[in-house]
Amino acid sequence: MIKKFNVQPVPDIAEVNMFKSDDKVIHFKHPEVLASIPSNTFVVIGKGEEKSIKDLLPDIITHMGPKQFKSIAGLLKGAGGAEGIKESTAEEEEDVPNLVNQDFEEASKK
């Protein structure tokens with residue numbers, strides 16, 4: 001069946017990642033890849049493992065598209081990543097004492 005598409009081996013493919021709509025990835029490590037560019041057909045042969053996007057970070061970032069970046073933003077918000085950063089910044093600002101009834105010029109002369 002594959003011979004009908006006149007696929008040829010594509011050398012030196014280290015990994016293949018197929019993104020699913022449920023924020024999971026089918027990850028192939030060192031697969032055999034065959035391709036027929038004119039018929040837009042690719043064949044991936046190997047053992048695929050289903051993994052979460054967060055399990056493959058940061059290496060997978062260069063393979064991602066806009067949909068996957070939205071997914072990561074959702075993961076960060078769900079884990080308190082982005083909100084945690086905002087809270088820690090607010091806490092740091094509270095630790096800085098206010099300069100009351102003085103200016104920097106006068107304070108530096110003392």
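Excluded from the calculations below are hydrogen atoms, water molecules and symmetry mates; all remaining heavy atoms, backbone and side chain alike, are included.
For Ile26, the side chain to side chain contact (heavy atoms under 4.5 Å, CB included) test picks out Met18, Lys20, Phe28, with sequence neighbours left out. Glu15 meets the salt bridge (Lys or Arg N to Asp or Glu O under 4.0 Å) test with no other residue; sequence neighbours excluded.
At a threshold of 4.5 Å between side-chain heavy atoms, the hydrophobic network of Ile, Leu, Val, Met, Phe, Trp and Tyr places Leu34 and Ile37 in two separate groups. Cluster annotation: Val43 is not connected to Val16 through the hydrophobic network of ILVMFWY side chains, with a link wherever side-chain heavy atoms come within less than 4.5 Å. In terms of hydrophobic clustering, with Ile, Leu, Val, Met, Phe, Trp and Tyr side chains grouped at heavy-atom distances under 4.5 Å, Val44 and Val7 are assigned to different clusters.
Across every non-hydrogen atom of Pro31 and Ala14, the tightest pair is CD-O, 3.9 Å.
Between the CG atom in Asp55 and the CD atom in Glu50 there is a gap of 11.0 Å [rounded to 0.5 Å]. Atoms NZ and OG1, from Lys4 and Thr41 in turn, are 12.0 Å apart once rounded to the nearest 0.5 Å. Taken to the nearest 0.5 Å, the CG atom of Asn17 stands 9.0 Å off from the NZ atom of Lys29. Between the OG atom in Ser36 and the CD atom in Gln8 there is a gap of 8.0 Å [rounded to 0.5 Å].
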